[in-house]
Amino acid sequence: MVVEGLVKRFGATTALDGVDLTVAEGSVLGLLGPNGAGKTTVVRILTTLLRADAGRVRVAGLDVVDDADAVRASIGLTGQYAAVDEYLTGLENLEMVGRLYRLSRREARVRAGELLERFDLTGAADRPAKTYSGGMRRRLDIAASLIARPRILFLDEPTTGLDPRSRLGMWEFIADLADGGTTILLTTQYLEEADRLADRMVVIDRGRVIARGTADDLKDQVGGQRLELTVRDAVDLGEVARRLRPLGVDEPRLDASTRRLSLPVSGGTDALAEALRVLAGAGVEVLDVGLRRPDLDDVFLALTGHAAEDEDRTGAGDRTPVGAGEGAA
Amino acid sequence: MTAFGTAVADGLTITRRNLIKIKRVPDLIVFATLSPIMFVLLFRYVFGGAIGGLPPGISYAEFLLPGIFAQTVVFGSTTTGASIAEDLQKGLIDRFRSLPMARSAVLVGRTIADLGLNAISIAVMALTGLVVGWRINSSLGEAVGGFLVLLLFAYAISWLMAVVGLLVRTPEVVNNASFIVIFPLTFVASTFVPLETFPSVLRTFAEWNPMSAVTQAARELFGNIPAGAPVPDAWSLQNPVLYTVIWTALILAVFVPLSVRLYQRTSTR
């Protein structure tokens with residue numbers, strides 16, 4: 001999949017302003033960016049739903065405009081909405097899509113059965129999709145996009161609006177598909193998701209690519225490791241900071257409300273061992289200590305000056321999607 | 001398979017999908033059958049006694065039923081627009097457009113399913129009509145022709161409504177907008193009352209209104225025009241079957257390609 005110089009305007013707004021990307025066969029590309037960055041527009045152009053104003057797009061080696069039908073035959077798309085017919089049963093939905101991919105009646109039925117089994121929907125196969133939970137609809141939606149065994153799969157924010165358990169399940173399905181050799185382009189606002197699933201990432205913001213590479217590449221762009229520790233009593237933070245400061249390459253950051261200290265270090269595990277030795281002599285009760293590489297949240301903050309998700313996130317460990325439910329049709 | 005063959009196969013796949021919905025949502029079928037019954041009864045017994053100026057030798061029931069048929073199937077066709085808008089809203093059109101299926105299939109499948117729904121409501125109306133005094137006074141062939149003219153005209157309107165649905169994109173708005181346009185169109189016509197009482201401008205409009213022609217065509221084919229009835233002044237009503245067929249062909253010729261084109265370009269946002 002090769003995209004060169006993609007430009008798309010909607011009236012006066014430029015949604016995409018020269019996006020380039022490539023996805024190697026059998027790999028997973030994570031397309032990251034905040035809401036409105038242009039992720040969905042890229043997916044819509046690559047899946048023949050929308051025409052670009054400029055640029056060249058080849059999917060499965062085919063031009064998306066000139067060979068649109070051949071492209072459609074080799075891709076599967078799962079959009080942000082669970083695009084299933086809620087009046088049809090799970091089985092009927094899959095059979096219909098299978099028939100439209102030109103499978104024979106028999107093939108469509110067999111394949112539908114396999115996918116229902118795989119996505120844990122066999123028990124609900126004969127119930128109208130109307131009665132499905134959000135997670136089940138998403139699974140049915142992905143199953144529908146897989147019915148003709150596409151070589152290339154587009155997943156546009158596949159876990160937006162899902163509860164944490166369904167999201168974990170979805171990650172497993174996606175990882176399985178990638179292991180099976182399907183080429184996947186995945187858009188997401190969740191850095192954790194991309195970190196876990198994607199081989200390579202492209203970060204876009206306001207229609208432009210602002211970074212690309214593996215998760216490690218991106219983290220290296222932001223900087224090295226940090227020693228992080230949590231103490232039982234916030235009053236000890238000052239004492240800990242004073243003792244650990246010589247180990248750091250920069251000033252420690254203290255947060256009294258979370259009783260946490262963060263110190264940029266070099267030297268990896270040696271620094272950690274040294275820190276533990278110092279702390280053992282300090283008589284301070286430490287609840288948690290560890291060496292942490294910057295995560296993609298840090299990357300995004302460093303690259304764009306704003307967080308990947310909305311500003312009102314409650315904390316680093318809390319990745320509850322903001323606006324959950326907007327994707328549930 | 002040829003392109004035409006695959007288009008037909010895909011169209012049937014989508015038709016089946018839409019018919020399953022009709023089966024699963026009983027409200028649809030209840031509505032499609034109850035409201036025509038209500039209309040027949042309301043007009044027959046509320047207006048029936050008061051409407052004068054009918055040609056001698058005909059009961060209001062016989063005059064009325066073809067008009068009710070025409071109005072109901074045209075309203076039935078608005079379902080097409082609302083359903084397409086609903087599919088757009090739910091992202092289903094995106095899914096279909098990403099599949100290697102015929103570009104016409106979603107629209108063909110929709111309009112054919114709605115044709116089926118119209119056929120059901122016309123059958124129910126005909127039975128109700130027979131109960132309240134409507135009669136077919138023509139040959140079987142002509143009667144079948146009468147139903148065909150009505151259904152074909154409604155089928156053409158379905159394609160017009162598909163364009164509306166693709167442009168308007170909100171099912172509720174499609175319903176309201178089409179009501180505002182179609183309601184007067186079906187009333188400023190010879191559907192429920194004879195044209196002789198209309199003011200002159202309105203009368204000319206009504207004479208050339210295809211709704212009048214469809215109604216007149218149905219009356220002619222069901223034998224609901226008494227032998228001594230005066231010949232209408234307008235060519236459109238002297239040749240109502242031909243005039244209706246011309247309109248049907250014209251609407252199809254414009255709106256089938258237009259809606260397929262719009263469908264190809266449309267998207268959820």
Side-chain angles (χ1 to χ4, degrees), chain A residues 10 15 40-41 43-51 59 64 67-89 92-93 95-105 108 127-131 137 141 144-145 147-148 150 153-154 156 327-329, chain B residues 1-3 5-29 79 83-84 86-110 113 117 166 169 171 261-269:
Chain A
F10 295 108
T40 298
T41 307
V43 170
R44 300 181 65 79
I45 292 172
L46 267 55
T47 52
T48 77
L49 296 183
L50 204 63
R51 269 192 199 201
V59 171
V64 286
D67 301 311
D69 255 331
V71 168
R72 291 180 192 120
S74 49
I75 63 170
L77 165 66
T78 299
Q80 275 181 44
Y81 304 89
V84 297
D85 187 319
E86 53 185 11
Y87 301 105
L88 301 192
T89 65
E92 285 164 347
N93 262 293
E95 281 182 329
M96 172 182 73
V97 176
R99 294 289 287 154
L100 295 171
Y101 267 116
R102 311 239 179 280
L103 301 185
S104 73
R105 212 175 290 278
R127 262 168 41 204
K130 210 179 172 57
T131 65
R137 280 187 198 210
D141 195 27
S145 61
I147 195 126
L153 186 63
F154 293 88
D156 192 4
Chain B
M1 252 195 290
T2 61
T6 56
V8 170
D10 291 347
L12 288 178
T13 303
I14 301 291
T15 306
R16 187 172 312 124
R17 167 215 167 206
N18 294 329
L19 291 177
I20 289 174
K21 175 176 174 181
I22 294 175
K23 196 176 77 184
R24 298 262 156 84
V25 190
D27 311 23
L28 277 176
I29 202 91
T79 317
S83 307
I84 297 249
E86 192 183 334
D87 282 351
L88 258 176
Q89 247 184 6
K90 291 190 174 162
L92 274 163
I93 300 278
D94 277 357
R95 152 130 288 148
F96 290 135
R97 286 184 61 236
S98 78
L99 300 179
M101 61 191 279
R103 303 286 92 185
S104 58
V106 168
L107 300 161
V108 169
R110 180 77 257 161
L117 209 53
L166 286 168
R169 296 153 168 255
R261 209 181 143 79
L262 274 173
Y263 169 84
Q264 278 176 298
R265 311 226 146 190
T266 197
S267 57
T268 308
R269 77 187 94 167

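So you know, we letter chains A, B, ... as the sequences are listed, proteins then strands, and number each from 1.
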Item to complete: List for me each residue that meets side chain to side chain donor-acceptor pair (under 3.5 Å) alongside S74(A), sequence neighbours excluded, and say none if there are none.
Response: none
Fill in: side chain to side chain donor-acceptor pair (under 3.5 Å) partners for D141(A), two or more places apart
R95(B)
Response to the item:
When the 4.5 angstrom heavy-atom criterion is applied to T41(A) and chain B, the contacting part is neither
Item to complete: Please flag which part of A148(A) lies under 4.5 Å from any non-hydrogen atom of chain B: side chain, backbone, both or neither.
Response: neither
Inter-residue atom distance [X].[atom1] - [Y].[atom2], 0.5 Å rounding:
X	Y	atom1	atom2	result
R72(A)	F96(B)	CZ	CZ	14.0 Å
M101(B)	R102(A)	CE	CZ	8.5 Å
L100(A)	S98(B)	CG	OG	10.0 Å
R17(B)	N93(A)	CZ	CG	8.5 Å

At their closest point, which heavy atom of [X] faces which heavy atom of [Y], and how far apart are they?
X	Y	value
R24(B)	Y87(A)	NH1-O, 2.8 Å
A83(A)	G91(B)	CB-O, 3.4 Å
L49(A)	D94(B)	CD2-O, 3.6 Å

Worksheet entry | Derivation and outcome, salt bridge (Lys or Arg N to Asp or Glu O under 4.0 Å), residues K90(B) and E86(A) | CA-CA 10 Å; K90(B) 291 190 174 162; E86(A) 53 185 11; 2.6 Å; yes
Discussion item. Between R99(A) and D10(B), is the salt bridge (Lys or Arg N to Asp or Glu O under 4.0 Å) condition met? List the steps.
Written reply: CA-CA 8 Å; R99(A) 294 289 287 154; D10(B) 291 347; over 6 Å; no
Worksheet item: So, are D85(A) and K21(B) salt-bridged, with charged N and O less than 4.0 Å apart?
Response: no
Worksheet item: Take atom CZ in R261(B); do more than 12 heavy atoms of anything else shown fall under 6.0 Å from it?
Response: no
Worksheet, complete the sentence: Ranking T47(A), T48(A), I75(A), V84(A) by heavy-atom pairs under 4.5 Å to chain B gives rank one to V84(A)
